[in-house]
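Take a look at the structure below.
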Amino acid sequence: MAAYLISDVTVKNAAAFETYRTRAAASIAQYGGRYLVRGGPIERLEGGWAPRTIIVVEFSDVERARAWYRSPEYAEALAVRDEALGRNLILVDGISAT
């Protein structure tokens with residue numbers, strides 16, 4: 001069953017963010033992930049949540065997403081994360097097709 005990483009991102013440093021984004025994207029692709037949402041306009045419909053940038057990445061399953069998150073390839077992106085951005089990040093299971 002597919003799994004989804006959902007990230008609410010606030011950029012702190014544009015140059016560091018580009019480094020992070022490039023490294024993260026390469027590692028996501030290496031682990032079979034694909035972007036479903038990568039920024040874009042946000043329309044708040046209810047509640048007080050006011051994210052600036054939403055990113056959604058799909059992996060084949062939770063185990064693959066966890067393997068990516070703990071990977072040495074993604075660790076290279078994490079090396080600049082704190083300088084580049086602030087974020088909330090969650091991992092959720094999708095639903096089965098049946």
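The structure presented is a predicted model; accordingly, all values stated were derived computationally and were not measured. Numbering starts at 1 and runs along the sequence shown.
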Considering residues at least two apart in sequence or located in another chain, which fulfil the side chain to side chain contact (heavy atoms under 4.5 Å, CB included) criterion with [X]?
X     : answer
Ala75 : none
Leu45 : Glu43
Arg52 : Thr10
Leu78 : Tyr74, Arg81, Arg87

- Only counting residues at least two apart or in another chain, list the ones meeting salt bridge (charged side-chain N to carboxylate O under 4.0 Å, His left out) with Arg34.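 With sequence neighbours excluded, Arg34 shows a salt bridge (charged side-chain N to carboxylate O under 4.0 Å, His left out) to Glu58, given in chain and number order.
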- Message: A side-chain contact here means heavy atoms from C-beta on lying under 4.5 Å apart; do Tyr4 and Val57 qualify?
- Response: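 Counting from C-beta outward, Tyr4 and Val57 never come under 4.5 Å.
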- Message: Using side-chain heavy atoms (C-beta onward) and a distance below 4.5 Å, is Ser7 in contact with Ile54?
- Response: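 Ser7 vs Ile54: side chains apart.
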- Task: Please report the shortest heavy-atom distance between Ala24 and Ala77, naming the atom on each side.
- Result: N-CB, 3.7 Å
Shared hydrophobic cluster for [X] and [Y] (ILVMFWY, side-chain gaps under 4.5 Å):
X     : Y     : value
Val92 : Val37 : yes
Phe59 : Tyr35 : yes
Ile6  : Leu36 : yes

- Between Asn88 and Ile90, is a side-chain contact (heavy atoms from CB on, under 4.5 Å) present by the stated rule, with each step listed? CA-CA 7 Å; Asn88 294 300; Ile90 60 172; over 6 Å; no
From [X] atom [atom1] to [Y] atom [atom2], the distance as rounded to the nearest 0.5 Å:
X     : Y     : atom1 : atom2 : answer
Leu91 : Leu5  : CG    : CG    : 5.0 Å
Phe17 : Thr53 : CZ    : OG1   : 6.5 Å
Leu85 : Ile55 : CG    : CD1   : 8.0 Å

- Message: So, using side chain to side chain donor-acceptor pair (under 3.5 Å) as the criterion, who are the partners of Gln30 when residues are at least two apart?
- Response: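 Side chain to side chain donor-acceptor pair (under 3.5 Å) list for Gln30, sorted by chain: Glu73.
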- Looking at residues at least two apart in the chain, or sitting in another chain, which of them share a side chain to side chain donor-acceptor pair (under 3.5 Å) with Ser27?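 Partners of Ser27 under the side chain to side chain donor-acceptor pair (under 3.5 Å) test: Trp68.
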- Task: Could you give me the CA-CA distance, side-chain angles and deciding distance for Trp49 and Arg44, then say whether side-chain contact (heavy atoms from CB on, under 4.5 Å) is met?
- Result: CA-CA 8 Å; Trp49 185 30; Arg44 182 172 38 178; 5.5 Å; no
- Note on the structure: residues 4-33 vs salt bridge (Lys or Arg N to Asp or Glu O under 4.0 Å), sequence neighbours excluded, gives Glu18-Arg21
- Kindly give the cluster partners of Ile95, where membership spreads through any ILVMFWY side chain lying under 4.5 Å from a current member.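 For Ile95, no cluster forms, as it stays isolated from other hydrophobic side chains.
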